[in-house]
Protein chains: 2
Amino acid sequence: MTTDDEVSDASRGPADLVRRRGGGRKSSGRQRSSHSLDAVVSEAVALLDEGGEAALTFRALAARLGGGVGSIYWYVSSKDELLERAADHVLGGVLTATAHLGQGEDPIAEVRELAIAFYAATVNRPWLGAYFLQDTGTQVNGLMFFDRVGRELMRLDLTPRQRLDAVSAVMAYVVGVAADRGQDPPPEVRDGRVPVDEFVSEFRASIRAMDSRAFPFLHHIADEFAAHDDAEQFRAGLDLLLAGLRLQSGR
Amino acid sequence: MTTDDEVSDASRGPADLVRRRGGGRKSSGRQRSSHSLDAVVSEAVALLDEGGEAALTFRALAARLGGGVGSIYWYVSSKDELLERAADHVLGGVLTATAHLGQGEDPIAEVRELAIAFYAATVNRPWLGAYFLQDTGTQVNGLMFFDRVGRELMRLDLTPRQRLDAVSAVMAYVVGVAADRGQDPPPEVRDGRVPVDEFVSEFRASIRAMDSRAFPFLHHIADEFAAHDDAEQFRAGLDLLLAGLRLQSGR
DNA sequence: ACCTGAACACCGTTCAAGT
DNA sequence: ACCTGAACACCGTTCAAGT
């Protein structure tokens, strides 16, 4: 419905199954501010989205929540846990965004949609790269997503082991693409401070400048690289993986 | 030849094509210590391997090099650059370890070997997850590896675009698997402080404890998960990807 | 050209104290 | 039960000074 392509926010996840601390105590709170796990994590994600990994600071987060630094530790025991929960929060958004899937004829097509939705949530969020599927305890949504993908594969004629391997492969691929941002246009280009054309021709020039005997392939794909679209490239790789899976399942 | 499966070290890379600063000035150096880009990066990798990301500190690195903190900035302009170079250094090791490849009949089999060697270098190095292929300028070995994989695909009947997409997919997959460590045994198990069996049965128990209607797939693969081998799982996913590629290339 | 180390600004985490 | 903020230990980075 909304047309924000910057960090499309279906971030708000489904019910956190985790023991929630910090209920709805609203009454009689006067000058002391009152948070909740949800507020802490949501604001953390917002901070991350606005300013990248460096912007998430306990002090900045506390200021944003209108409280003291120490309070955050009531909800979260370390920065690592905070980042894990932030990543899981994003995955929660993916879950709700894909809640309608799972009825389709073709299980592999469903997996494709799930993976694409996952990918969409990671674009413009370079910060969550390494934080998916860290600790099973704090990342229910991660487990849930894993399960949803796997459920589709249960409709295919595969062994449990093959199913596990396939789900793991799809997840790894998505996370890998998310982590790989960097061959891409640098920030000054994405911001529009430098025109794309300029970046592209500069990039092409720098490839041409390299020894073509040392880097024959880079020369070979210089034009393609300059013109490629990230999302398309993601789908191309995903489709290779899924084609292999389809083959394995005998269709 | 060596049988260290802990961080198998073919780390020492081929000629750094990068402008080297800090030549071999050895004479007349008295109490001032003298470094080199190579020493700085090698020791950084060592620190990282021994103690993880948290262990790499400018102060610790300086102490190890026997010098002052400031000196490091002569070779490297930030911690980010240091980590990029460290990642590239590891990839350099992969390049030398696979120097013999490229003559084989089947290009796809060669790609498979390259990917497996890449994977082997990332196991036990959770720290390099996000640092591959960041800045083309400082990561020659990354470009070189990319090119080597691509070169194999030039022997297949594909369009340049398809080749680019395939190489990117393979790289993303490897990086993704590397980043995904975490469903795996936690450190206290890898260290041997807690026996593997105990972890495995505990894990299985925790899956059984979950609602089987909410997580049918997790129940389905609980046994497989407990028994799976990471390297095998990596190869299984890689083979799906390569099967798709083989199909696309018409064999 | 390269190294030193004190100094700076900032960070995650702790904790005695408050309500 | 939850919040506060000063205090602590430590970090990346800078820079005037040395050789």
Side-chain angles (χ1 to χ4, degrees), chain A residues 18-41 43-44 47-48 50-86 127 130-131 134 138, chain B residues 18-41 43-44 47-48 50-86 127 130-131 134 138:
Chain A
V18 205
R19 68 254 109 104
R20 276 274 212 80
R21 289 179 274 174
R25 169 72 50 75
K26 270 268 164 71
S27 60
S28 93
R30 191 108 67 137
Q31 54 236 44
R32 279 171 78 209
S33 57
S34 180
H35 317 319
S36 70
L37 218 206
D38 231 56
V40 169
V41 174
E43 292 307 315
L47 234 23
L48 251 3
E50 289 165 22
E53 191 140 15
L56 181 57
T57 283
F58 274 75
R59 280 163 240 263
L61 183 54
R64 195 154 172 143
L65 291 164
V69 243
S71 326
I72 301 170
Y73 283 91
W74 182 260
Y75 298 96
V76 128
S77 73
S78 71
K79 192 175 185 181
D80 247 34
E81 188 189 323
L82 181 58
L83 277 161
E84 266 179 52
R85 287 197 193 274
W127 53 270
Y131 284 96
Q134 294 274 67
T138 68
Chain B
V18 207
R19 65 254 113 99
R20 277 273 214 79
R21 289 179 275 174
R25 169 71 52 74
K26 271 266 163 74
S27 59
S28 93
R30 191 111 65 143
Q31 54 236 45
R32 280 171 77 208
S33 57
S34 179
H35 317 321
S36 70
L37 218 207
D38 231 55
V40 168
V41 174
E43 292 307 315
L47 235 23
L48 251 2
E50 290 165 22
E53 190 141 15
L56 180 58
T57 283
F58 274 76
R59 280 163 240 263
L61 183 53
R64 196 154 173 142
L65 291 164
V69 243
S71 325
I72 301 171
Y73 282 92
W74 181 261
Y75 298 95
V76 128
S77 73
S78 71
K79 192 175 185 183
D80 247 34
E81 188 190 323
L82 181 57
L83 278 161
E84 267 177 52
R85 286 196 194 275
W127 52 271
Y131 284 95
Q134 294 274 65
T138 68

*Between atom CD1 in B/I72 and atom P in D/dC15, what is the gap in whole Å?*
18 Å
_Starting the side chain at C-beta, find the nucleotide from D/dA1, C/dG12, D/dG12 nearest to A/Y73._
C/dG12
*A/S71 side chain: which of D/dC11, D/dA1, D/dT4 is closest?*
D/dT4
_Heavy atoms from C-beta onward define the side chain here; which of D/dT13, D/dC11, C/dT4 lies closest to that of B/H35?_
C/dT4
*Answer yes or no: is there a donor N or O on one side and an acceptor on the other, between the side chain of A/T57 and the main chain of A/A60, under 3.5 Å?*
no
*Mind checking B/L56 for me? I need base, sugar-phosphate or nothing, with any heavy atom below 4.0 Å counting as a touch.*
sugar-phosphate
_Taking pairing as Watson-Crick or G-U wobble with both contacts under 3.5 Å, can you name the mate of C/dG18, or confirm there isn't one?_
D/dC2
_Protein-nucleotide distance (B/F58, atom CZ; C/dC3, atom P), rounded to Å_ = 14 Å
_Check against side-chain contact (heavy atoms from CB on, under 4.5 Å), A/L37 and A/R85_ = CA-CA 10 Å; A/L37 218 206; A/R85 287 197 193 274; 3.8 Å; yes
*Out of curiosity, A/Y73 OH to A/E81 CD, how far, rounded to the nearest 0.5 Å?*
11.0 Å
*First of A/R59 and A/G67 reached from the 5' end of DNA chain D, by closest nucleotide*: A/G67
*asked:* Rounded to whole Å, please give me the gap between CH2 in B/W74 and P in D/dC15.
replied: 15 Å
_Please name the nucleotide paired to D/dC11 by Watson-Crick or G-U wobble geometry with both distances under 3.5 Å, or report none._
none
*asked:* On a heavy-atom basis, which atom in B/K79 and which in B/L56 lie closest, and how many Å separate them?
replied: NZ-O, 2.8 Å
*Which one, C/dT13, C/dG12, D/dC2, comes nearest to the side chain of A/T57?*
C/dG12
*How far does OH of B/Y131 sit from CG of B/L82, to the nearest 0.5 angstrom?*
9.5 Å
_Value in whole Å for how far the P atom of D/dT13 lies from CD of B/E81_ = 10 Å
*For the side chain of B/K79, starting at C-beta, report the closest nucleotide among D/dG12, D/dC2, D/dA6.*
D/dG12
*d(CD, B/E53; P, C/dC11) in whole Å*: 18 Å
_Between C/dT13 (P) and A/Y75 (OH): distance, integer Å_ = 18 Å
